[in-house]
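As structure tokens, the structure follows; a few thoughts come after it.
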Amino acid sequence: MISIDYRSGKSIYEQIADEFEHLISQGILESDSQLPSVRQLAVELSINPNTIQKAYSELENRGLIYSIRGKGNFVAAESESLKQKKLQQFYKNLTELIQEAHRSGIDEEEIRKALMAHLKK
Amino acid sequence: MIQANQVCKSFGNIQAVNQVDLTIRSGEVFGLIGSNGAGKSTFLRMLCGVYRPDSGKLTIDEEEVYENVTLKKRCFYISDDQYFLNNSTPEEMKNYYRMFYENFDQERFHKLMKGFDLNPQRKIRTFSKGMKKQVSVICGICTGVDYLFCDETFDGLDPVARQAVKSLFAEDVAERKLTPIIASHNLRELEDICDHVGLLHKGGILLSQDLEELKLGIHKMQCAFTTPKTATDFQGIEIVHIQQRGSLYTITAKGNEEEIRKHIQNMDPIFYEILPLTLEEIFINETEVAGYDIKKLIF
């Protein structure tokens, strides 16, 4: 379910948190479903349980999961903040893409055309 | 918790460990890295009470280890060149360890031997190097100790066995707060399991830091400028290493990623990118600063 890229500059706990965020935002993990336990995931990925714990704390901070003492971690219901975050991420991606296009010498008209074509689909 | 305070150890006129200060918290996975002959094994042998420090204080849970039987029952040492009783089998080694470690989990031992596909009745001397390591790890894990000292334990294990051993460690860290201390120079190996690393060089400790912080505190950049730059242009960021090829600069710098990014942006580069640094590169950088560069001597 989760794969780790050791060559990435991102730390392992961030990678795990981001992957879960992705799974949650895509709706693959439904709200109130249980996440694997720290021990289970640590054994599965052969990594330090403290790292997994850190990833889960990070997800809790982001408001994506909630934990019940003695029971485990569960996916939180989709919140306003998650929607906001998705929107922000979208703007960021778009900005980068447009900058990239500028650098490659693609003009405004071209970008607009491509964008409109996609929106119609 | 393990605490070392100004620990020294020398053999004749060889200073193996020199004024080492170190703190290892319980329940964290500690990686001890260092150049060849840096004193890693000597330090581990002091930790498990084989050697006595010449000076300084070395305590586990606030007690000195040397000749401390009750404390030693909570530690297991997997030496680099493991010792097995003459002509013994894993089964016999297990019974031997049971004499010292009362909580030895026999059920788990048999389960793991089966899992690793090792025959407990076969003579250990007929085992390969990697299989011997596996036997030691299995024995160590099954003793149920709080501290496990591993000297080059992943050395000689095949990739599948390595993953399995890491999972074993992970399980016990999660379940019962085992504290593994792993000495190695295979840094890739430590990267995914350690919380904290200590870097030894020539008997002294160069740094001891959280792995995350360590990686966040040093960056490698590639950037190109239209006009040539000199050292003064880079003033304001802490440069560790700089290399220039034409207009392309490769810079290793310490500090906050944002600040470095800002500084480079202000210099108006044609392009720049920040590349991740592996633990291996950090190791090379840190020891180079301390004057360790074999390549320079040979070529």
Side-chain angles (χ1 to χ4, degrees), chain A residues 1-20 34-62 67-73 92-93 95-106, chain B residues 25-31 115 141 154 157 159-180 182 187-197 210-221 257 270-271 273-282:
Chain A
M1 184 156 74
I2 302 278
S3 65
I4 292 166
D5 176 9
Y6 292 108
R7 306 194 56 172
S8 156
K10 249 200 277 176
S11 54
I12 296 174
Y13 89 90
E14 260 182 300
Q15 287 188 39
I16 296 169
D18 288 352
E19 284 231 18
F20 272 115
Q34 189 168 6
L35 269 68
S37 74
V38 170
R39 182 183 158 278
Q40 206 183 333
L41 198 57
V43 171
E44 196 181 305
L45 299 174
S46 302
I47 60 171
N48 193 330
N50 299 333
T51 310
I52 312 270
Q53 189 54 58
K54 212 165 158 190
Y56 281 4
S57 306
E58 171 72 22
L59 284 167
E60 216 176 330
N61 279 340
R62 293 185 196 173
S67 65
I68 300 176
R69 234 191 132 82
K71 273 195 164 170
N73 296 287
K92 199 173 152 240
N93 289 347
T95 316
E96 276 170 22
L97 202 63
I98 291 173
Q99 278 171 354
E100 174 70 36
H102 276 308
R103 273 201 294 272
S104 319
I106 298 167
Chain B
R25 288 184 299 261
S26 292
E28 78 178 5
V29 184
F30 191 89
I141 278 281
F154 292 105
L157 291 181
V160 176
R162 248 180 299 195
Q163 286 298 95
V165 169
K166 276 187 205 164
S167 292
L168 272 183
F169 285 179
E171 193 177 11
D172 278 48
V173 171
E175 208 123 275
R176 51 178 199 86
K177 292 260 169 263
L178 169 79
T179 310
I182 307 168
L187 307 177
R188 209 20 293 304
E189 217 53 81
L190 295 177
E191 222 161 352
D192 43 333
I193 187 122
C194 292
D195 296 298
H196 206 94
V197 287
D210 249 37
L211 194 53
E212 297 289 339
E213 286 169 25
L214 191 64
K215 284 185 143 188
L216 291 178
I218 188 160
H219 304 277
K220 190 162 92 177
M221 284 164 294
E257 184 179 333
I270 305 169
F271 101 103
E273 63 177 337
I274 295 197
L275 307 165
L277 223 66
T278 61
L279 188 55
E280 193 154 308
E281 287 171 298
I282 297 173

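Convention: sequence-line order gives letters A, B, ...; per-chain numbering from 1. If you're wondering where the values come from, they're calculated on a predicted model, not measured in any experiment.
- Crowding of Q34(A) atom CD: a count of heavy atoms from other residues, nucleotides or ligands under 6.0 Å exceeding 12.
- Between C194(B) and N48(A), the shortest heavy-atom distance links the atoms C-ND2, 3.9 Å.
- Taking chain A as the reference chain and counting heavy-atom pairs below 4.5 Å, the highest number among A174(B), P180(B), S167(B) is found for S167(B).
- In this structure, the separation between CG on L45(A) and NZ on K166(B) is 11.5 Å, given to the nearest 0.5 Å.
- To the nearest 0.5 Å, atom CD1 of residue I12(A) and atom CD1 of residue I193(B) are 9.5 Å apart.
- Atom NZ of residue K177(B) and atom CG of residue N50(A) lie 6.0 Å apart, to the nearest 0.5 angstrom.
- Looking at Q163(B), both its backbone and its side chain come within 4.5 Å of chain A, counting heavy atoms on both sides.
- Considering CG of D195(B) and NZ of K54(A), their distance stands at 8.0 Å, rounded to 0.5 Å.
- In this structure, no portion of I4(A) lies under 4.5 Å from any heavy atom of chain B.
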